[in-house]
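These notes concern the structure reproduced below.
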There are 2 protein chains.
Amino acid sequence: MANDENRSLTLRDVSEASGVSEMTVSRVLRNRGDVSAATRERVLKAAKELGYVPNKIAGALASQRVNLVAVIIPSLSNMVFPEVLGGISEVLETTDLQPVVGVTDYLPEKEEKVLYEMLSWRPSGVIIAGLEHTDAAKAMLRNAGIPVVEIMDVDGKPVDAMVGISHRRAGREMAKAILKAGYTNIGFLGTKMPLDHRARKRFEGFTEALAKSGVEIMDQEFYSGGSALLKGREMTQAMLERTPELDFLYFSNDMIGAGGMLYLLEQGIDIPGQIGLAGFNGVELLQGLPRKLASMDACRRESGRHAAQIIAARVAGEDIESVVELTPKIAFGDTLKRR
Amino acid sequence: MANDENRSLTLRDVSEASGVSEMTVSRVLRNRGDVSAATRERVLKAAKELGYVPNKIAGALASQRVNLVAVIIPSLSNMVFPEVLGGISEVLETTDLQPVVGVTDYLPEKEEKVLYEMLSWRPSGVIIAGLEHTDAAKAMLRNAGIPVVEIMDVDGKPVDAMVGISHRRAGREMAKAILKAGYTNIGFLGTKMPLDHRARKRFEGFTEALAKSGVEIMDQEFYSGGSALLKGREMTQAMLERTPELDFLYFSNDMIGAGGMLYLLEQGIDIPGQIGLAGFNGVELLQGLPRKLASMDACRRESGRHAAQIIAARVAGEDIESVVELTPKIAFGDTLKRR
DNA sequence: ATGAAAGCGCTAACAC
DNA sequence: GTGTTAGCGCTTTCAT
């Protein structure tokens, strides 16, 4: 193990140590072209002894190829996104592509910046959450000359490919199921995130479908920050004190829904008889709660897988469907009457 | 907006479009050296109109500088790691360094591979979870010639710098608090992860401290996979049926602890009178549960921040303390008698 | 099966 | 303040 100077080892070092030309060393290290077993051994041995780590920067510049896929998501703490990432990794691991994650915190300008930074490394593809981006970001995506998959939403026009569910439709379906179950005094509890377009679209779809049946949301409340479970609990209490006639609560995510459920159970309220509940996402995490919250899977892992497949196929020059709408089904659980 | 060919724009394109030399364009784009306001404008205008995105690959090769920090963690779904990442980002955002995340799934060979891949991009520093790595990985870290911070554990010898808590000590402290509260029939419920060295060390510290007082764990059980909340519930039930005389359950993480707590509450068991409970991590998520679970903060965000500070300082050529032990305090919550 | 030369797109270092 | 030159460490291409 060498490298005592503060300089990285180069192909040349391996070349000298093994007495083989740089070019052949390069071939061995990349498994390309024919190299005799003998020289191959010598090279490998030298590389290992020296502790040589190839310089991908130089390699990428010379070959004009980078096996990186930029994955741009709003947040890591949301639980939803690590699952998407899981799906992406699962597929990319079968190729020589690697995901690189960038986080935007739901801020359009930060998204633009992160995208710019990532594109400056010339990745082979981009997977980005959502269909809403700044004009500059859209322009960059269009001009990058690489496959781009927008995920987790299909209510809009993609720059290139898109994979996900329709949140408008998800909202509508849930509204229909709630009405069908006979609830009419409906409250909505959500996050105060004007920039979470998917939550917004769900809300719009929800109210729209209610309106079609002549029903209006009776009360609503939005929170930001803090523990979602706790917030759900607090908001539920506040809302029911304010509007006791409510018979259904639709939560914009499962976590606050779970908080609401725990509160109601403590109050001895009959779920789903007296009050029904539903959340969104189908997070596995919450199995193990006293009741199973009605919810709707956002097809997170699946979206990730599809997106990665599209990138992989395109990079390989294959043709592949570029618009994929996934259709989640309602999980009624124990908190929404089934009709 | 140009770039219709399938070739990325280069500095040369901007140079030609603006009538300024490549070198000066480069200076403008990097804000380096003196450039007259006039030419600066012209360059910026041309770059923007063309939609030029610099090629960091070429830039990095030429300048021998890469503003990336490799962050290598076992998992993203564990909730713990996104928080560490948050701390890292928080600090790096004040510098021009950027974190790049690699995930190992708790597999040493995968860690080795991820590390190799990341080092081949010649990052400015490495932040890596844990002190246990393959010999090859340790050699790579040592030879990389860049600052390396091992985080989330200080029970061992670091390659370079380390930041985190002592899990052995955490286990010991919890054992002492439990004994002091008067519990003696203690059960342990954990994850079946031989490769999670931190959990292992906590367990060792725990049993060691008990042993010092002549106490032995009365029952133990380990799980793998599935929803932690649900597993906690199931394991708790199973263990109490098997060993009804238990008066305390120590869970290796808060999530299964919460599951256990929910089960016990449903059974109408008095917590912490009849049975006491404690978990580990202090996850904010769980606020909002009926009782606050006793736990111990792992100083996740703090660890991330410190680690990033060490990297940033070292990259800037500054001197900085390279071993930082954070000392978590026990949060007694509502499930561990305070004495 | 192996090697030599050219160059990827940028920046450091040095002119002017 | 601006331009010129010479690489950075690889891979491509072509020769042998």
Using whole Å, report how far CG of A:Asp34 lies from P of D:dA15.
-> 19 Å
Distance below 4.0 Å between B:Thr24 side-chain N/O and D:dG3 OP1 or OP2 | yes
Any A:Arg32 side-chain N or O less than 4.0 Å from OP1/OP2 of D:dT11 | no
In whole Å, what is the span from the CG atom of A:Leu11 to the P atom of C:dC8?
-> 19 Å
Between C:dA1 (P) and A:Arg42 (CZ): distance, integer Å | 15 Å
Mapping B:Gln64 and B:Val35 onto DNA chain D by nearest heavy atom, which one lands closer to the 5' end?
-> B:Val35
Beyond-backbone contact of B:Leu29 with B:Leu44, side-chain heavy atoms, under 4.5 angstrom | yes
A:Arg12 has an atom CZ; how far is it from atom P of D:dT11, in whole Å?
-> 15 Å
Between C:dA1, D:dC10, C:dC10, which one does the side chain of A:Ala62 approach most closely?
-> D:dC10
Remember a base hit wins even if backbone is also touched, and classify A:Arg27 as base, sugar-phosphate or nothing at under 4.0 Å, heavy atoms.
-> base
Rounding to a whole Å, what distance do you find between B:Glu22:CD and C:dC14:P?
-> 21 Å
Does any donor-acceptor pair link the side chain of B:Arg40 with the base of D:dG1 at a separation under 3.5 Å?
-> no
Given atom CE of A:Met23 and atom C1' of C:dG7, what is their separation to the nearest angstrom?
-> 13 Å
Less than 4.5 Å apart, any side-chain heavy atom of B:Val14 and any of B:Leu50?
-> yes
What's the CD1-P distance between A:Ile57 and D:dC10, to the nearest Å?
-> 10 Å
If you pin A:Arg65 and B:Leu61 to their nearest nucleotides in DNA chain D, which one's is more 5'?
-> B:Leu61
To the nearest angstrom, how far is B:Trp121 atom CH2 from D:dC10 atom P?
-> 12 Å
With a 3.5 Å cut-off and just heavy-atom distances, do the side chain of A:Arg122 and the base of C:dG9 make a donor-acceptor pair?
-> no
Apply side chain to side chain contact (heavy atoms under 4.5 Å, CB included) to A:Trp121 and A:Val100, showing your working.
-> CA-CA 11 Å; A:Trp121 287 100; A:Val100 182; over 6 Å; no
Looking for any heavy atom pair under 4.0 Å, which part of the strands does A:Asn55 touch: base, sugar-phosphate only, or nothing?
-> sugar-phosphate
Below 4.5 Å, heavy atoms only, C-beta onward: do B:Lys56 and A:Glu117 meet side chain to side chain?
-> yes
Under the side chain to side chain contact (heavy atoms under 4.5 Å, CB included) criterion, do B:Val103 and A:Ser89 qualify, and how do the steps go?
-> CA-CA 10 Å; B:Val103 174; A:Ser89 300; over 6 Å; no
Could you tell me whether the phosphate oxygens of D:dT11, OP1 or OP2, come under 4.0 Å of any side-chain nitrogen or oxygen in A:Ser63?
-> no
Short side-chain N/O contact from A:Ser26 to OP1 or OP2 of D:dT11, under 4.0 Å = yes
N or O in side chain of A:Tyr52 less than 4.0 angstrom from D:dC10 OP1/OP2 | yes
Of B:Leu119, B:Val315, B:Val66, which meets side-chain contact (heavy atoms from CB on, under 4.5 Å) against B:Ile146?
-> B:Leu119
Look at A:Thr39 and C:dT2 and indicate whether a side-chain polar atom (N or O) is within less than 4.0 Å of OP1 or OP2.
-> yes
